[in-house]
Amino acid sequence: MSNRILVTGGTGYIGSHTVVELMQQGYDVVIADNLSNSNIEVLDGIEAIVGRRPDFVNVDCLDYVNFGRLFTDYPNIAGVIHFAASKAVGESVEKPLLYYRNNVGSLVNLLELMNKNDVHNIVFSSSCTVYGQPDAAHLPVDEAAPIQPALSPYGNTKQINEDIIRDEAHATPDLHATILRYFNPIGAHPSAKIGELPNGVPNNLLPFVTQTAAGLRPMLRVFGNDYNTPDGSCIRDYIYVVDLAKAHVKAIDRMLKHKAQDQVEVFNLGTGRGLSVLEIVNEFIKVTGVEIPYEIVGRREGDIEQVWANPAKANQVLGWKADTPTADVLLSAWNWEKHLRKIDD
Ligand code: UD1
């Protein structure tokens with residue numbers, strides 16, 4: 001049996017870390033990416049870490065003909081991990097059609113091509129955004145928590161994608177899918193050879209913190225300190241991107257070894273621990289010794305007050321745990337920022 005995995009979006013943030021873990025576990029990888037939110041040098045970083053270069057095809061998953069050609073050129077794909085998607089919440093509100101086209105169209109093409117080419121295993125990148133703000137009875141959030149109406153077109157595409165996968169699995173008995181709902185991925189590979197490359201002004205907390213630490217941004221804005229949380233700032237489950245990447249390898253292993261119990265399995269991927277914005281900022285200052293000027297400003301529209309995972313299912317069934325200490329994770333993010341900005345110690 002082939003051990004080649006197609007990774008769409010494999011030069012992106014979570015994708016590149018996953019490619020490293022897959023290759024280190026002996027998988028062959030072919031990446032499909034249109035470099036719309038990543039760059040080709042990521043392949044050098046992967047090669048420097050692993051000692052081998054993944055195959056790379058510059059293709060947009062919306063381009064059915066050329067995406068289809070990849071399946072002809074690589075006839076023995078054992079499974080697919082589908083990361084390729086647009087992911088900026090704010091942008092999705094402004095350009096909903098772009099998000100529906102990219103995120104829904106890509107998955108439809110992919111599933112159709114998998115079917116045509118007898119590829120039966122898919123791991124799909126979903127998000128804890130599908131749970132919205134869970135009520136107190138559902139915190140920490142397990143996989144049985146209710147799905148709530150999406151707060152943005154981006155969030156809606158994740159829900160629609162999950163539904164598409166379930167419908168296609170129902171119609172195609174030999175299709176197996178693993179849906180991974182990520183909480184908040186942060187940090188970078190310990191080698192500092194790959195990491196997050198935010199485009200323009202970062203929306204997410206950690207890239208904004210590291211850019212502020214590097215002097216690129218004068219001040220971090222903490223969005224709200226009047227939430228119903230111990231220190232008033234929002235709480236999230238920040239998960240180390242390398243731990244997250246390893247969960248994908250576990251998910252692929254499980255499907256390829258035919259161990260999945262259900263045709264479609266869902267796992268929450270988080271640490272099980274919630275941290276507030278202010279806790280993250282203070283811990284970052286403590287472990288790096290770098291000051292982060294910050295001000296408290298008003299709430300950000302659409303923000304959820306508090307959410308963190310119950311990862312028990314992933315811990316037990318996948319035999320996986322996100323257990324890298326927060327201090328190490330924050331340091332990895334800082335080391336990556338220093339690498340990007342050529343800052344010496
Ligand atoms: C956001 C998306 C979520 C998506 C995830 C991907 C929203 C509402 N949700 O999650 O759908 O799956 O990114 O990574 O955008 N914060 C600040 N100052 C900043 C930036 C962030 O205080 O400059 C705070 C936010 O208010 C929030 C926390 O930091 O409380 C985390 O924010 P962020 O990193 O954007 O992640 P989410 O909002 O959880």
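Atoms within each ligand, like the ligands themselves, are counted from 1 in listed order. Note: hydrogens, waters and symmetry copies are ignored here, and every other heavy atom, side chains too, is used.
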Under the side chain to side chain contact (heavy atoms under 4.5 Å, CB included) rule, what do T326 and R273 come out as? Steps first, then yes or no, please. CA-CA 10 Å; T326 308; R273 193 165 144 245; 3.4 Å; yes
Using the side-chain hydrogen bond (donor to acceptor under 3.5 Å, both in side chains) rule, take Y238 and T271 through it: C-alpha gap first, then chi angles, then the decisive distance, then the call. CA-CA 7 Å; Y238 294 94; T271 65; over 6 Å; no
Check the pair D323 / K246 against salt bridge (Lys or Arg N to Asp or Glu O under 4.0 Å), numbers first and verdict last. CA-CA 12 Å; D323 54 8; K246 288 179 176 161; over 6 Å; no
Run the salt bridge (Lys or Arg N to Asp or Glu O under 4.0 Å) check on E162 and R166 step by step: do they pass? CA-CA 6 Å; E162 289 197 9; R166 279 197 197 84; 3.6 Å; yes
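Two rings, from H17 and F83, have their centers 6.0 Å or more apart.
Contacts of N335 classified as side chain to side chain donor-acceptor pair (under 3.5 Å), with partners at least two apart in sequence or in another chain: none.
Using a heavy-atom distance under 4.0 Å as the criterion, the protein contacts of ligand 1 are V89, S127, T129, Y154, N184, N203, N204, L205, F208, L220, R221, V222, F223, C234, R236, Y238, V277, R300, G302, D303.
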